[in-house]
> 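Once you've had a glance at the structure underneath, I'll fire off some questions.
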Amino acid sequence: MAPFEDDYVPTLKILLIGNSSVGKSALMLRFTNDMWAPEESSTTIGVDFKVKMVMVGGKPYKLTVWDTAGQERFRTLTKSYYRNAQAVLVVYDITNRATFEELPRWLKELEANTASDIVKVLVGNKLDKDSSRAVTTEEGEDMADRYNVGFLEASAKSNTHVKECFMEMVETIIETPTLWGQSTTGLLLPRGDDILELEAAREENGGLSLCQC
Amino acid sequence: MPLSVGRPSLPARVSTSSVSSRQQLSEVVDDVGAGERLRGILGKGVEVRRDVQTLKELRMLIQQDGLPIESDDGMNTHRPYVWSILLGVPPTAWETYASLISLGQSPSYSKIRQDTFRTLPTDPLFKRRVQESSLIRLLNAFDWTQRNEREEAGGKGDEVGYVQGMNVLAAPFLYMAKSETQAFALYSRFITHCCPAYVKPSLEGVHRGLRLLDICLSLIDPELSSYLRSKDLTAKIYGFASVLTLSASTPPLPEVLILWDFLLARGVHLNILCIIAQLVLIRNELLSSPSPGTLLRSFPPLQARKLIGLCFGFLHNFIRHEKELYRMLAMHTYDEEVGKEIDGLDAERWRPMAGK
């Protein structure tokens, strides 16, 4: 089926990165399934992913959320998932100072491996454990400012700011024209390699060219 | 088939005889039950591990019948001995293990602690039989042995240390062994001898295993392979945990033990083919699903004997034509030179559409 029919649903790719044990999988599970199941959570080995359909401005979007292993040994693997991601959540644990101090490493790696216009949000997770906080909100904000990324504190456990976090990213992606190729017919198209594929598919179908001229 | 030079060539690494034809296999079969044959083999005492003919019999027995299962939790009283024989691990003095424990927390300790409490969290059998403290001690002790060895070698060679997934690899050993010391000895041997490339820095061995998984799938089931590729579902996305943990990440644990009996008997590289067997078992569902990725998020519960049967079918049907590929498969879990060969492989050559 050609992807240009009316029922074509754009796919958005969101990536979760950050140190081990900061709650990346928990955030994903809370957002996609509204679940909190600490007794069932296991170490993510390699990568995990979930799909969720969302409606924005009356239009459906398919979100693929990619959850990666946090340990540095998995970095070569993690990097390979940056490709074609439109948004990245960089997660740390507000009760664990070390996970915050590792952020520059994650953020620099992100800068080096992704386009500058990709949506980036820094998330301080485990807000439910505010009393054992080891990183202040101001410090989180400063870090976010320094790397020019969004910032939010959240809790997968108490379901605080999780939806906001993901949905704001989705809206930003949709509002950022450079993350998309805008076709003459007004359809949103993913960029990069996907565009080439879609163009090829369209030409095969004898359809219109994407170029404006 | 070349074996590594300078280190003992144990059956668990490469079993050259796994390429034997069915006729050869059937010669060994007799009418005596598996349990009785097993007792006969083990009755020969500890020297069994040096007796090539008896070892062959043991491997054949495991491959054809499996160890007899004595209870719902998948146990076989002889398994700890069988694994000791297959891995070539002599009885280990507890003092050796105790001295490692006395070293206290290793540099990987905090990483280990982040994972131990969430190891096979949904497996009640594991939770019941294995305490978290045992898992912590075992992983911490192994971390020390790796560091000490590296230091003795003048700090040369690859970085060492705990990798996420090693916790899952330790689980079957702690679950089945008679003691923590025994579990430690078997686990250490298993990691250093059977799959050292899987726990190397940057996990090169796992990446190579995934590459081989993609290639083998395209040979074994071109239709499924093309379909998954069309959805961008490569082994890297669905197979990472299964490769790194040798399928121990897929419950239930009693079935993992049966699968591991086989992998230790015939070579851990066969896990790659067993993962393909997992895919083949659900191939109709995968092919008819518009988003097969959802199905591949977690594999269906392990059915070890089914996987072993399929694995042998694959071996029998494709090994004859792909000896070079099989050599790489057999050695990718431990051999660096073969690893580099795999890195240099032109995957296109194996694509079903590329004129094969």
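No experiment lies behind these values; they were computed from the predicted model shown. In the text below, chain A, chain B and the rest are named by the order of the sequence lines, each starting its count at 1.
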> Could you tell me which of A:K50, A:R73, A:R75 has the largest number of non-hydrogen atom pairs under 4.5 Å with chain B?
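Max contact count across the listed options: A:R73.
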> Let me know if B:K236 has heavy atoms under 4.5 Å from chain A in its side chain, its backbone, both or neither.
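For B:K236, backbone and side chain are both near chain A.
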> Go through the atoms of B:T245 and report whether side chain, backbone, both or neither lie under 4.5 Å from a heavy atom of chain A.
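The side chain, not the backbone.
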> Quick check on the interface: out of B:K200, B:H207, B:Q164, B:Q114, who has the most heavy-atom pairs with chain A under 4.5 Å?
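Option with the top pair count is B:Q164.
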> Looking at B:E132, I want to see if its CD is surrounded by more than 12 non-hydrogen atoms of other residues, nucleotides or ligands under 6.0 Å.
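Yes, the 6.0 Å shell around CD holds more than 12 heavy atoms from other groups.
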> Which one of B:L120, B:V163, B:V206, B:V243 has the most heavy-atom pairs closer than 4.5 Å to chain A?
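With the most close heavy-atom pairs to chain A, the winner is B:V163.
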> Between B:I237 and A:W66, does the side chain to side chain contact (heavy atoms under 4.5 Å, CB included) criterion hold? Intermediate values first, please.
CA-CA 10 Å; B:I237 288 166; A:W66 295 77; 3.8 Å; yes
> If we only count heavy atoms from C-beta on, is the A:F49 to B:T294 side-chain gap below 4.5 Å?
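No. Closest side-chain heavy atoms not under 4.5 Å.
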> Are there residues of residues 152-166 of chain A that reach to under 4.5 Å of chain B by heavy atoms, and which ones?
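Heavy-atom contacts from residues 152-166 of chain A to chain B are absent.
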> For the candidates A:D48, A:V47, A:T64, which exhibits the highest count of non-hydrogen atom pairs separated by less than 4.5 Å from chain B?
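The answer is A:D48.
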> Measure distances from B:V168 to the heavy atoms of chain A and classify the residue's part below 4.5 Å as side chain, backbone, both or neither.
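Only the side chain of B:V168 comes within 4.5 Å of chain A.
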> With a 4.5 angstrom heavy-atom cut-off, is it the side chain or the backbone of B:Y238 that approaches chain A, or both, or neither?
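Answer is neither: B:Y238 stays 4.5 Å or more from chain A.
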> Count the heavy atoms of every other residue, nucleotide or ligand shown that sit under 6.0 Å from CD of A:E39, and state whether that count exceeds 12.
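Yes, CD of A:E39 has more than 12 neighbouring heavy atoms, counting only those of other groups under 6.0 Å.
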> Given that the side chain runs from C-beta out, which part of B:S202 has a heavy atom under 4.5 Å from chain A: side chain, backbone, both or neither?
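Its backbone and side chain both get close to chain A.
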> Kindly compute the distance separating NZ (B:K111) from OG1 (A:T43), expressed to the nearest 0.5 Å.
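Those atoms lie 13.5 Å apart.
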> What part of B:L244 gets within 4.5 angstrom of chain A, counting heavy atoms only: side chain, backbone, both, or neither?
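For B:L244, the contact with chain A is made by the side chain alone.
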